[in-house]
Amino acid sequence: MKTLKDVKIGETVTVVKLHGEGAVKRRIMDMGVTKGVQIHIRKVAPLGDPVEVTVRGYELSIRKADAEMIEVE
């Protein structure tokens with residue numbers, strides 16, 4: 001299983017599944033990260049947290065803990 005945390009800068013991936021439960025999963029979905037959407041990795045902060053991505057045409061910063069819950073291919 002490959003998660004968003006494992007993706008390298010410059011790659012574009014597709015969301016396969018969201019893990020997590022309740023409010024955390026709902027918050028990720030509210031940011032536009034849903035099954036089937038494409039995510040482009042723009043930047044990673046020097047210490048690896050957060051990760052800046054492009055989703056549905058806008059920039060979004062995601063914490064490593066949240067990125068681990070997003071399964072991609």
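Each residue takes its place number in the sequence, starting with 1.
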Can I70 be reached from V16 by stepping across I, L, V, M, F, W or Y side chains whose heavy atoms are under 4.5 Å apart? no

Tell me, do [X] and [Y] make a side-chain contact under 4.5 Å, heavy atoms counted?
X: I39; Y: V15; answer: yes
X: T54; Y: L60; answer: no
X: T14; Y: V37; answer: no

Would you confirm whether D49, through its side chain, and R63, through its main-chain N or O, come within 3.5 Å as a donor-acceptor pair?
->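 Flag not set: sc D49 to bb R63 has no pair under 3.5 Å.
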
Of all heavy-atom pairs linking V55 and G32, the shortest is CG1-O, 3.5 Å

Minimal heavy-atom distance between K2 and V7, with the atoms involved, is CE-CG2, 3.9 Å

| Heavy-atom neighbours of R27 CZ exceed 12 at 6.0 Å |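 Yes, CZ of R27 has more than 12 neighbouring heavy atoms, counting only those of other groups under 6.0 Å.
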
Any chance you could measure [X], atom [atom1], to [Y], atom [atom2], to the nearest 0.5 Å?
X: M1; Y: K17; atom1: CE; atom2: NZ; answer: 9.0 Å
X: I41; Y: K5; atom1: CD1; atom2: NZ; answer: 13.0 Å
X: E71; Y: D6; atom1: CD; atom2: CG; answer: 10.5 Å
X: L4; Y: E68; atom1: CG; atom2: CD; answer: 10.5 Å
X: L18; Y: T34; atom1: CG; atom2: OG1; answer: 7.5 Å

Given T12, V13, V53, the one that forms side chain to side chain contact (heavy atoms under 4.5 Å, CB included) with H40:
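When side chain to side chain contact (heavy atoms under 4.5 Å, CB included) is applied between H40 and each of T12, V13, V53, only T12 qualifies.
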
Notebook entry, point to check: Is any NZ, NE, NH1 or NH2 atom of the basic residue among R42 and E59 found under 4.0 Å from an Asp or Glu carboxylate oxygen of the other?
Noted result: yes

